[in-house]
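Computed from a predicted model, the values in this text were never measured in an experiment. These numbers come from the heavy atoms of this one structure, side chains and all, not from hydrogens, waters or symmetry mates.
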Amino acid sequence: MPSPKPRRRRGLLVALAAVALVLVAGGAAAFLLLREPGDVSNPDVAFTATTETETQPQPPPPPRPRARPVDTFSWPTYGLSDARTRDWTTAPDYLRPPFKRGWTYRGDVLIEFPPVIRGANLYVFDDDGWLRSLNKVSGAIQWRQHVGRLAAASPAIGDGNVYVVALERFDNADAGRVAAFRETDGKPLWSRDLPSRAESSPLLRNGMLFFGSENGTVFALDARSGRTRWTYQASGAVKGAPAYADGNLYFGDYGGKVHAVRARDGKRVWEVGTSGTRFGFGSGQFYSTPAVAFGRVYIGNTDSRVYSFSAKDGTLAWATGTGGYVYAAPAVANVDGLGPTVYAGSYDGNFYAFDARSGDVRWRFPSGNRISGSPTIIGNVVYFSNLGAYDTHGLNARTGKQIFRFPEGSYTPVVADRRALYLVGYNNIFEMLPTRRPRAWRRAQAAAVEAVRLDRVRARRAAARRAAARRTARRASARRTARRAVRRARRTARRAVRRARRAARRAARGSSGD
């Protein structure tokens with residue numbers, strides 16, 4: 001075979017080199033996409049170690065002279081604060097283990113997300129789409145409303161109303177529903193159908209309701225009417241709840257991106273992938289709800305890592321790996337004796353405490369089974385549930401030593417007020433009362449009882465007002481009916497008179513003709 005001509009040989013070499021470059025580039029891309037993600041730490045990214053991560057429930061005001069204290073405590077949203085930090089480190093000292101069981105609410109279906117609290121009542125939204133108001137002193141059901149056939153979100157409460165997002169509405173398994181109800185009696189105020197399913201716990205702020213949906217749309221609705229104020233389109237399904245801080249909303253999506261948008265108008269502030277700004281693609285999905293604290297956004301990912309981004313511009317501060325999915329939403333607090341710390345569980349069965357600045361693991365607790373739900377910090381105890389063993393643990397937030405265990409639990413285990421913890425099992429809710437009951441606890445108990453009494457008084461007065469309004473309406477209706485009857489009688493009489501006159505005129509004409 002004759003040798004190829006020099007021009008042809010050079011073309012062949014160029015072609016082979018190009019193929020080699022493509023293979024190398026493809027291999028590098030495949031390596032970047034498929035390799036096990038490693039840890040990243042950039043602790044110099046802006047960090048503000050404040051003494052408190054977010055506004056926490058304040059102590060009750062001193063009672064007026066000879067006035068009974070009334071419980072006005074509020075745990076208004078999933079994660080306690082708008083920043084979703086799940087941090088109540090300022091809880092009363094007596095609100096810690098050991099506990100004694102009080103009442104038990106026994107449900108029929110999974111309660112995946114915890115209730116919210118307002119005054120005398122808990123508001124819980126179960127997987128069958130039933131919204132219930134429970135008396136927090138007795139556990140009795142006050143009212144209930146059926147919102148959809150499937151739900152996986154906590155309510156939000158404020159402005160005298162309860163807001164819920166249903167994953168599936170009754171007439172369509174592929175689309176959700178959002179609705180508002182009056183908190184005192186559950187009266188429906190408004191509802192609207194959504195174009196896709198939604199399991200994002202809503203956030204209420206400044207008269208606007210924020211939540212995400214499975215088609216990637218984040219909604220901002222007018223809380224009074226349900227009218228859309230703005231929407232934002234993410235790069236994938238937005239399953240978690242949005243968090244708020246300093247005028248912005250923060251959330252992750254199933255496209256592997258984290259977003260910051262301006263709350264007032266939905267304008268994008270920044271968007272980054274889990275590989276940081278360097279490559280712009282994601283290596284996992286965000287189901288986790290973020291927590292915002294210390295100038296950072298903390299969020300878990302299915303690529304096994306917990307991430308920290310700058311809240312200002314999205315710069316990746318750290319990414320620390322676990323041995324499994326991190327569906328859990330982190331809890332963040334500035335813990336006495338430990339400093340700013342991020343807590344999250346993993347599907348590898350471990351519960352982690354991370355340094356909030358650097359991402360270093362401070363301690364880990366082996367629970368033995370996967371952890372899916374978010375933890376909650378009450379005082380100096382951090383609580384989480386184990387989805388494999390269906391139990392709940394309470395650990396010393398500083399050391400990780402177990403100081404509490406309860407044989408029920410599934411996802412996010414507890415909310416609390418000044419008198420009790422309310423522990424969520426798989427389908428039950430347990431009132432957990434502290435065994436140490438100092439004078440401050442007795443005052444909190446009396447305030448809760450007084451709040452229940454006033455709720456009943458207000459309910460009776462409201463019922464009386466409604467009954468009076470119905471009576472007034474009936475009387476007004478009777479008066480209108482009577483007036484209509486009088487007008488009909490007058491019209492009938494006038495017609496009779498006209499007929500009589502016409503008859504008289506005809507008779508007169510007839511007699512004159514004769």
Side-chain angles (χ1 to χ4, degrees), residues 77-79 84 105-116 122-134 141 143-157 161-181 186 188-204 209-219 221 226 231 234 236-242 251-254 285-289 302 325 327-329 370 372-374 385 387 390 408-413 415 424-429:
T77 193
Y78 175 61
R84 313 282 193 182
Y105 164 78
R106 298 201 177 276
D108 299 322
V109 297
L110 171 66
I111 302 173
E112 186 173 346
F113 280 75
V116 294
L122 303 175
Y123 300 88
V124 60
F125 197 31
D126 69 23
D127 261 30
D128 270 358
W130 280 98
L131 172 65
R132 291 178 174 87
S133 170
L134 306 182
I141 297 173
W143 55 260
R144 66 178 188 169
Q145 286 284 357
H146 204 185
V147 185
R149 63 180 179 182
L150 182 63
S154 290
I157 189 163
N161 302 326
V162 186
Y163 303 89
V164 290
V165 173
L167 185 60
E168 294 178 4
R169 60 180 188 251
F170 299 114
D171 61 338
N172 189 346
D174 296 321
R177 181 187 180 206
V178 57
F181 302 89
L189 300 175
W190 57 260
S191 72
R192 56 174 292 183
D193 293 340
L194 300 173
S196 71
R197 300 183 354 145
E199 55 178 310
S200 174
S201 296
L203 174 68
L204 176 67
L209 193 70
F210 306 99
F211 60 93
S213 63
E214 285 193 353
N215 70 358
T217 304
V218 174
F219 292 88
L221 305 184
T231 60
V238 178
K239 298 271 201 173
F251 51 89
D253 66 30
Y254 264 36
Q285 298 171 325
F286 287 106
Y287 179 84
S288 169
T289 292
T302 60
Y325 293 160
Y327 280 113
R370 65 191 186 277
S372 184
S374 60
S385 288
L387 189 57
Y390 294 105
E408 285 205 34
S410 53
Y411 294 94
T412 301
V415 294
V424 182
Y426 186 84
N427 56 1
N428 304 317
I429 300 176

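In terms of heavy atoms, P202 sits closest to A156 at O-CB, 3.4 Å. The minimum heavy-atom distance between S200 and V238, with the atom names listed, is CB-O, 4.3 Å. Smallest separation of non-hydrogen atoms from A151 and A166: CB-CA, 4.4 Å. Nearest heavy atoms, P114 versus S154: O-OG, 2.6 Å. The shortest heavy-atom contact between A328 and G373 is CB-O, 3.2 Å. Nearest heavy-atom pair, A152 versus E112, reported as atom, atom and distance to 0.1 Å: CB-OE1, 3.7 Å.
Interatomic distance, CZ of R370 versus OH of Y327, reported as 10.5 Å (0.5 Å rounding). Going from atom CG of L131 over to atom NE2 of H146 covers 10.5 Å, rounded to the nearest 0.5 Å. Between the CZ atom in R169 and the CZ atom in R192 there is a gap of 11.0 Å [rounded to 0.5 Å]. Taking OH of Y123 as the start and CZ of R132 as the end, the distance is 15.0 Å to the nearest 0.5 Å. In this structure, CG in L189 is found 7.5 Å from OH in Y163, a value given to the nearest 0.5 Å. Put simply, CG on L167 and CG on L150 are 4.5 Å apart, with the number rounded to the nearest 0.5 Å.
Tested against Y105, the residues N427, N428, I141 include a single side chain to side chain contact (heavy atoms under 4.5 Å, CB included) partner, I141.
Looking at S410, its side chain never comes within 3.5 Å of a backbone N or O of L387 through a donor-acceptor pair. For the pair T231 (side chain) and F219 (backbone), a donor-acceptor distance under 3.5 Å is absent. Here the side chain of T289 pairs no donor or acceptor atom with the backbone of A329 at under 3.5 angstrom. A distance-only check finds a donor-acceptor pair linking the side chain of S196 to the backbone of N215 [under 3.5 Å]. With hydrogens and angles disregarded, a donor-acceptor distance shorter than 3.5 Å links the side chain of D126 to the backbone of D128. Formation of a donor-acceptor pair under 3.5 Å by the S374 side chain with backbone atoms of T412 is not found in this model. Checked by atom type and distance alone, the side chain of S201 never pairs as donor or acceptor with a backbone atom of A153 at under 3.5 Å. One N or O on the side chain of R84 and one on the backbone of P242 form a donor-acceptor pair closer than 3.5 Å. Without hydrogens or angle criteria, Q145 side chain to G186 main chain gives a donor-acceptor distance under 3.5 Å.
Side-chain contact between W190 and V178 is present, with at least one heavy-atom pair separated by less than 4.5 Å. Counting heavy atoms from C-beta outward, S385 and Y411 have side chains that stay 4.5 Å or more apart. Considering only heavy atoms from C-beta on, L221 comes within 4.5 Å of F211 through its side chain. Side-chain atoms of W130 and V109, non-hydrogen and from C-beta on, never get closer than 4.5 Å to each other. Within the 4.5 Å cutoff, side-chain heavy atoms of V124 are placed close to those of L134. Contact annotation: the side chain of V162 never approaches that of F125 to less than 4.5 Å [non-hydrogen atoms, C-beta and beyond].
Atom CG of D171 has more than 12 neighbouring heavy atoms from other residues, nucleotides or ligands inside a 6.0 Å radius. Other residues, nucleotides and ligands place no more than 12 heavy atoms under 6.0 Å from the OH atom of Y325.
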